[in-house]
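Shown next, in structure tokens, is the structure this report addresses.
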Amino acid sequence: MKGLSTLWTKNILRSYGYRSPSVIKRYENNPVLTAKDIPYEATLIFNAGVVRFRGKYLMAFRDDYNYSIVRTHFHTHIGLAESEDGITWKVLAKPLILYDDVHTEEISRFYDPRLSVIDGQLYMCFAVDTKHGVRGGIAMLKNDLSGIEILSLSVPDNRNMVLFPEKINGLYARLERPMPVYSRGGKEIFDTWISFSPDLKYWGESTLLLPQERVPFSNCKVGPAAPPLKTPYGFLTLFHAVKKDSRLFKNGWEPTWKKVYSAGIMLLDLNDPTKILGICDEPLLFPEAPYELYNGFRNNAIFPCGMVLEDDNEVKIYYGAGDIVTCLATADLDDLVSLCLQK
Ligand code: BMA
């Protein structure tokens, strides 16, 4: 529905002057997964992690359902889908994580799954809302995809964890976005950090990787998006970048939504991923397609959680659009690396 508020928002977005670069191709039949494709209760299907695993593509997606305006949270399952081509998906009959199985007095839900394959083993990072804060989790998936074994849960508040695809100098590595409120003047200005672990359980050597102020198209928070891809040039790494604009008002299902989420891209050093080799000063994916601008739960939210490198150097990027559907965009690896390295 293109009401007055939608036009107002569109004009505000236009005033920023950003467009996704021409090297990015949105899949013509986007979205690739919506609530209609789900064989169980589903309303919002978004923020999906994707990997190539055992000769197929595997997706773990967030399914928010049972919406009520009086509750601050949906109920949430994490579902699984498989694909032969990374475009057409078949949803598995049962969710990987059922809301009822994890919901307790303390835990509200698990959400925003990111998948990684390291040495042939499937892992998932996710966020957990609890009564005492948001925690970032890392788990191993069972061989038959029937459930998970949790390896670590951070102290609150932390989320948006993603794993690097292999050990670096003998250690696992992850990106994460802690939410320091006290030291940032209560302003929701958050940065992207990197930490290391010998076993995916104990994490340390934490270093600031991408400070919010380094990203010209964010005035609010920057955090991990899809898990980094190993390429001959470095770890190709997406991040989400948030802009808050007090001029925005009704912009989705909620009474107000004052943020715009876009995706940025950077290249990290293969031997020392605390070093940014290059970063693009403009967004890689900025909301502009109808399914990003209109009819979302939260319009203008682009949130990638999965990236796959094909043998022909095509990079598939999976992202949540409007916090309601799952979409696909593609680009050539060399073009993405050039964007990171151009001055
Ligand atoms: C973030 C997370 C994401 C969501 C985004 C936009 O803080 O909650 O799951 O997609 O906001 O609403």
Side-chain angles (χ1 to χ4, degrees), residues 9 13 31 33-35 43-49 60-65 67 71-79 97 99 108-115 124-130 133-137 154 156-162 175-181 184 187-192 212 217-227 238-245 248 250-264 283 285-287 291-306 317-327:
T9 304
L13 257 67
L33 202 74
T34 74
T43 310
L44 316 177
I45 299 297
F46 64 120
N47 296 359
F61 56 85
R62 168 172 171 183
D63 166 14
D64 283 9
Y65 68 99
Y67 181 66
R71 255 202 325 268
T72 49
H73 282 141
F74 284 88
H75 290 186
T76 300
H77 298 313
I78 292 181
I97 297 181
Y99 171 78
S108 338
R109 59 180 183 157
F110 287 28
Y111 61 103
D112 287 358
R114 270 90 161 198
L115 294 177
M124 185 176 77
C125 295
F126 50 97
V128 186
D129 282 347
T130 82
V134 187
R135 307 179 70 180
S154 75
D157 275 346
N158 197 342
R159 74 168 165 210
N160 297 303
M161 283 173 186
V162 297
L175 302 180
E176 59 199 314
R177 198 204 68 192
M179 299 185 243
V181 176
R184 300 293 245 153
K187 281 206 182 106
E188 214 187 350
I189 295 183
F190 308 143
D191 317 287
T192 303
Q212 181 276 330
F217 46 97
S218 159
N219 62 6
C220 182
K221 45 191 176 181
V222 294
L238 296 178
F239 56 89
H240 66 261
V242 186
K243 212 170 154 67
K244 222 179 196 170
D245 194 324
L248 296 169
K250 175 113 179 104
N251 189 13
W253 294 16
E254 296 168 310
T256 57
W257 168 240
K258 298 200 174 295
K259 291 176 189 159
V260 176
Y261 275 68
S262 56
L285 270 167
F286 193 74
Y291 44 83
E292 296 158 359
L293 297 171
Y294 314 122
N295 301 325
F297 172 66
R298 288 174 170 170
N299 290 328
N300 317 310
I302 286 185
F303 203 83
C305 289
I317 297 169
Y318 296 89
Y319 63 100
D323 278 5
I324 195 166
V325 292
T326 300
C327 290

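Read the numbers this way: they start at 1 and go in the same order the structure lists the ligands and their atoms. One-based numbering along the sequence shown. Just so you know, these numbers use all the heavy atoms, side chains as well, and skip hydrogens, waters and symmetry mates.
- Pocket lining of ligand 1, defined as residues with a non-hydrogen atom under 4.0 Å away: F46, N47, R62, D112, R159, W257, Y261, R298, F303, D323.
- The ring of Y99 has its center no closer than 6.0 angstrom to the ring center of H77.
- Every residue two or more places apart in sequence or in another chain that forms a side chain to side chain contact (heavy atoms under 4.5 Å, CB included) with P31 is listed here: T34, V325, C327.
- For D157 against G133, the heavy-atom pair with the smallest separation is OD1-CA, 3.2 Å.
- Residues meeting the salt bridge (charged side-chain N to carboxylate O under 4.0 Å, His left out) test with K243, sequence neighbours left out: none.
- Partners of I189 under the side chain to side chain contact (heavy atoms under 4.5 Å, CB included) rule, at least two apart in sequence or in another chain, are R184, K187, Q212.
- Taking the six-membered ring wherever Trp is involved, the centroid distance between the rings of F297 and Y67 falls below 6.0 Å.
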